[in-house]
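One structure is given below, encoded as structure tokens.
For reference, positions follow the sequence shown, starting with 1.
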Amino acid sequence: MPRLSTRLRASWLALPGLLLCPLVPAAAQQTADTAAAHSDAGSHTAAPIFQLDAVTVTATRTANSGFDLPASVSTVGREQLDDAQANTLSTVLRTLPNVNFGGGPRPPSQSPAIRGLLGPRIILSVDGARRNNDGGVNTPLLLDPDLIKQVDVVRGPMSAAYGSGGLGGVMAFETIGVDDVLAPGKTVGGRVKAGYRSANEELSTNLTAAARASGVDLLASATYRDYNTVHTGTGGSGSTLPNDGQLKSALVKSTITPNDTNQFRLGYQKFADDLTGPNNPGGNLLFPFSQKLKRRQEQYNAAWAFRDADKRLLDGSLSAYYTKFKLDTESRVVPALDPTSAMTATFGASLQNSSTFDTGSWIHHRVTYGLDFYRDTAKNQSAGSPNSVLPDGALQSFGGFIQDEIRVLSDWTLTAALRQDSYRLTPSGQSASSNDRLSPKIALKYQPIPALGVFVGYGEAFRAPTLTEMFGNLNTTRALFNFRPNPALKPETSKTKEAGVTLALDDLLAKGDSLRAKATIFSEDVKDLISQQTVGTYRRVAPFSGTGLIFQQRNVANAERWGGEAEMTYSVGDLTVGLAYARLRSKDVATGANLYAPPDKASLGLQYRVGENWTLRYVGQFAAAQHYDSTALRRRDGYTVHDIGVSYDRDWYRLDLGVTNLFDKGYVTYQQSQTETYSYEEGRSVNLTLTARF
């Protein structure tokens with residue numbers, strides 16, 4: 001603990017540097033009303049890639065400004081996705097500080113990571129429904145960018161709010177609604193969008209329609225994408241990767257508001273794609289197996305929101321959801337590999353309420369309390385028999401929480417939360433295991449002057465091992481690698497200290513300009529960190545050759561992680577500038593070995609509005625070399641990628657033209673499922689999008 005305290009104190013010295021480092025593009029703050037008006041009126045203003053002052057309900061399960069919260073929060077909205085002509089979730093999110101999407105250029109392999117933690121160490125949710133599929137080499141998140149309204153990323157321990165998996169943080173997606181399509185006063189409308197992307201020869205189209213009347217609204221949206229071979233930035237005959245496929249995605253939502261105190265919401269989502277490529281979507285041309293991969297994701301949502309007239313006693317919701325993920329493979333090689341099938345179904349429900357009251361004339365409380373439940377069922381087969389690589393089983397979780405947001409006068413804010421969770425893992429043919437955990441979190445913010453805020457926080461988090469980590473088994477010489485089960489795995493636990501500062505300055509360098517900046521540093525002590533380790537070797541046979549490694553998930557008794565992230569936006573006149581920076585280190589305390597940690601990353605963005613209709617933009621990503629990982633095969637060289645774009649927006653239509661990876665850079669991200677046969681990322685792409693509103 002003294003070591004961690006020393007690092008945390010030393011990190012305070014880095015806060016000014018974090019705020020001044022080349023940092024992800026953002027822009028002047030923009031209210032939700034302005035954004036909604038833009039969607040139909042065509043009065044285009046430069047939109048940030050993330051919004052420091054956006055409203056989020058993810059960090060505390062209650063509505064707050066992300067900028068004011070004593071936590072590290074980033075938000076991406078609908079306009080940011082449109083400006084980037086996003087065809088995958090990683091397009092914009094990988095530019096956020098301490099957020100990474102590795103895995104190569106194929107979307108099925110791009111799994112999100114927060115502060116270097118990925119998979120079950122972060123909580124993924126879509127409209128409040130958890131996406132718990134333990135994807136392995138496949139991403140657990142199947143969602144098309146056309147259907148997204150807002151993405152909230154909260155970094156740091158979140159188990160006090162959401163339970164197991166909250167070590168790295170939460171990535172919460174909210175889908176579009178009627179208010180994102182219809183301007184105030186309109187009852188019927190929609191949009192049609194068509195796009196082309198040269199790097200993978202992708203053609204895409206989206207149709208969204210919405211209507212509202214007498215307390216009832218309805219939205220329907222559908223997207224189709226047809227894509228082909230991915231062109232990487234390496235040049236030569238090996239510069240393309242097989243990736244032929246089609247994607248279909250749909251969303252239907254309805255909201256019924258019978259009166260001022262009740263609202264009912266229903267939703268359905270469907271994602272389906274078929275693509276041909278290697279059986280590991282992160283593999284390159286050296287990976288010999290080809291297959292047809294079929295991915296399916298369905299989600300059903302129902303919620304009742306209730307409140308009293310002044311939200312004093314009642315301001316809550318009761319929700320339930322069901323999600324089903326299914327993946328099927330068909331071999332395209334001779335002799336054929338066995339067909340496989342993987343399925344994860346999740347049923348969940350949540351009840352929460354907030355009550356507000358005062359204790360005295362200068363202390364205000366908002367107390368939020370509730371219960372959460374979910375159950376995952378996994379069923380996986382190979383050639384019609386149980387799959388030893390992805391074992392069958394069930395995981396059940398039940399938790400209760402209470403949180404008090406205390407405002408003292410106008411200068412101090414104290415947020416304290418406590419949660420109790422119980423977990424039960426029931427693998428097929430194995431003994432069940434149970435875990436219980438109490439997770440506290442506390443954060444304090446002081447606002448001595450309107451322009452400056454400082455905050456500190458402490459939180460604990462835990463993560464139960466998954467079925468695959470404990471019981472997954474691959475034992476064959478006809479494979480690139482093997483791995484062994486470890487039923488003795490213990491849950492991961494972490495204790496995290498955070499400190500940060502916010503700056504809000506207006507009329508700084510010129511009249512009417514605006515600067516917003518936020519920086520956070522953290523120090524984390526992790527017990528029983530689950531880490532993939534090499535436990536042996538074997539001699540490969542055709543179609544592979546050489547020596548293969550045998551891996552196993554094992555607990556690292558004590559691990560230290562520390563780092564920070566910063567975001568800054570500056571706006572003056574028609575120019576907006578965004579900066580972001582992130583740094584992370586992780587070490588095994590016993591051996592001194594450097595554990596998994598993405599490289600230092602900085603981003604710079606510029607947006608300039610020309611007249612009433614034109615907007616120019618630039619985004620640069622700068623990743624340092626990762627040559628310090630003690631697992632040498634994971635090390636990667638640094639890289640720089642530049643994107644440019646222009647938009648013309650007026651009345652009922654909008655035209656976007658952009659070039660990503662402008663200089664056709666050949667680069668490899670640090671986070672990839674294959675360490676030996678890594679894949680180069682997408683090369684230069686010319687992208688064109690036309691949107692018509694009606």
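- M171 is listed as a side-chain neighbour of V151, based on a closest heavy-atom distance under 4.5 Å.
- R115 has its side chain within reach of R561: a pair of non-hydrogen atoms, C-beta onward, lies under 4.5 Å apart.
- With contacts defined as side-chain heavy-atom distances shorter than 4.5 Å, the pair V367/F357 qualifies.
- Listed by chain and number, the residues in a salt bridge (Lys or Arg N to Asp or Glu O under 4.0 Å) with R265 amount to none (sequence neighbours excluded).
- With hydrogens and angles disregarded, no donor-acceptor distance shorter than 3.5 Å links the side chain of D372 to the backbone of L351.
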Practice prompt. Give the intermediate values and the outcome of side-chain hydrogen bond (donor to acceptor under 3.5 Å, both in side chains) for residues R463 and S164.
Written response: CA-CA 5 Å; R463 201 268 293 185; S164 175; over 6 Å; no
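- Using the six-membered ring where Trp is involved, Y423 and F462 have ring planes that are perpendicular, over 60° apart on the 30 and 60° scheme.
- Between the CD atom in Q297 and the CZ atom in F271 there is a gap of 8.5 Å [rounded to 0.5 Å].
- No donor-acceptor distance shorter than 3.5 angstrom exists from the side chain of E560 to the backbone of E524, with no hydrogens or angles considered.
- D68 contributes no side-chain N or O that, together with a main-chain N or O of S65, makes up a donor-acceptor pair within less than 3.5 Å.
- Using a 3.5 Å distance cut-off with no hydrogens or angles, the side chains of N133 and T344 do pair a donor with an acceptor.
- Without hydrogens or angle criteria, E298 side chain to Q269 main chain gives no donor-acceptor distance under 3.5 Å.
- Between the side chain of K601 and the main chain of V99, a donor-acceptor pair closer than 3.5 Å is present.
- In this structure, a donor-acceptor pair under 3.5 Å is present between the side chains of R131 and Q299.
- Annotation: salt bridge (Lys or Arg N to Asp or Glu O under 4.0 Å) contacts of K490 (sequence neighbours excluded): none.
- Although no hydrogens or angles enter the test, the distance criterion places no donor-acceptor pair under 3.5 Å between the side chain of E460 and the main chain of T493.
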Item to complete: Show your working on side-chain hydrogen bond (donor to acceptor under 3.5 Å, both in side chains) between R94 and Q110 and close with a plain yes or no.
Response: CA-CA 10 Å; R94 72 193 335 167; Q110 295 174 351; 5.4 Å; no
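- Between Y596 and Y670, the ring planes are tilted. Angles from 30° to 60° get that label.
- Side-chain contact check for R375 and Q396: at least one donor-acceptor pair (N or O, by modelled atom type) lies under 3.5 Å.
- For the pair T255 and Q263, the minimum side-chain heavy-atom distance is below 4.5 Å.
- In this view, S319 and A303, S350 satisfy the side chain to side chain contact (heavy atoms under 4.5 Å, CB included) rule, not counting sequence neighbours.
- Scored by the side-chain hydrogen bond (donor to acceptor under 3.5 Å, both in side chains) test, R585 finds D600, Y628 as partners (sequence neighbours excluded).
- A donor-acceptor pair is defined here as one N or O able to donate and one able to accept, closer than 3.5 Å; no such pair exists between the side chain of S494 and the backbone of V526.
- Electrostatic pairing of D629 and R634 counts as a salt bridge here, judged by a charged N lying under 4.0 Å from a carboxylate O.
- For the residue pair Q403/R61, the side-chain donor-acceptor check at 3.5 Å is not satisfied.
- Distance OG/S531 to CG/L595: 6.0 Å, rounded to 0.5 Å.
- Interatomic distance, CD1 of I148 versus CZ of R78, reported as 7.0 Å (0.5 Å rounding).
- Not one N or O on the side chain of D315 forms a donor-acceptor pair closer than 3.5 Å with the backbone of S354.
- Taken from CH2 in W304 to CG in L266, the straight-line distance is 14.5 Å, to the nearest 0.5 Å.
- Side-chain polar atoms of T175 and K253 form a donor-acceptor pair below 3.5 angstrom.
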Item to complete: Begin with the C-alpha distance, continue with both residues' side-chain angles, and end with the deciding distance and a verdict on salt bridge (charged side-chain N to carboxylate O under 4.0 Å, His left out) for D525 and K497.
Response: CA-CA 9 Å; D525 181 12; K497 301 174 183 177; over 6 Å; no
Worksheet item: Is there a side-chain hydrogen bond (donor to acceptor under 3.5 Å, both in side chains) between T62 and N64 once you walk through the steps?
Response: CA-CA 6 Å; T62 57; N64 285 288; 3.1 Å; yes
Worksheet entry | side-chain hydrogen bond (donor to acceptor under 3.5 Å, both in side chains) between Y268 and N301, worked out | CA-CA 6 Å; Y268 172 74; N301 286 81; over 6 Å; no
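- Within the model, atoms OG of S159 and CG of L167 stand 6.0 Å from one another, a figure rounded to the nearest 0.5 Å.
- With F522 as the aromatic partner, R155 does not meet the cation-pi criteria of under 6.0 angstrom to the ring centre and within 45 degrees of the ring axis.
- Side-chain N/O atoms of T356 and H365 include no donor and acceptor closer than 3.5 Å.
- The two atoms that bring T139 and P112 nearest to each other are OG1-CD, 4.3 Å, heavy atoms only.
- Judged by distance alone, the side chain of E492 and the main-chain N or O of I530 form a donor-acceptor pair under 3.5 Å.
- A salt bridge is absent between K518 and E565; no separation between the charged side-chain nitrogens and carboxylate oxygens falls under 4.0 Å.
- Between the side chains of N132 and D376, a donor-acceptor pair is found at a separation under 3.5 Å.
- Closest approach of A54 and T75 over heavy atoms only: CB-CG2, 3.7 Å.
- Rounding to the nearest 0.5 angstrom, the gap separating the CD1 atom in I406 from the OG1 atom in T359 is 7.5 Å.
- Side-chain contact between L69 and T60: present, with at least one pair of heavy atoms (C-beta onward) separated by less than 4.5 Å.
- Taking 4.5 Å as the limit, some side-chain heavy atom of R295 sits within range of a side-chain heavy atom of L142.
- For T56, the side-chain hydrogen bond (donor to acceptor under 3.5 Å, both in side chains) partners at least two apart in sequence or on another chain are D152.
- Residues T466 and T468 bring no donor and acceptor atom of their side chains to less than 3.5 Å of each other.
- For K445 (side chain) and V454 (main-chain N/O), no donor-acceptor pair under 3.5 Å exists by modelled atom type.
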Could you tabulate the donor-acceptor pairs under 3.5 Å formed by side-chain atoms of residues 436-444, not counting sequence neighbours?
| from | atom 1 | to | atom 2 | distance (Å) |
| --- | --- | --- | --- | --- |
| K441 | NZ | P157 | O | 2.8 |

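- Side-chain contact check for F455 versus V501: every heavy-atom pair is 4.5 Å or farther apart.
- A heavy-atom distance below 4.5 Å is found between the side chains of F347 and F373.
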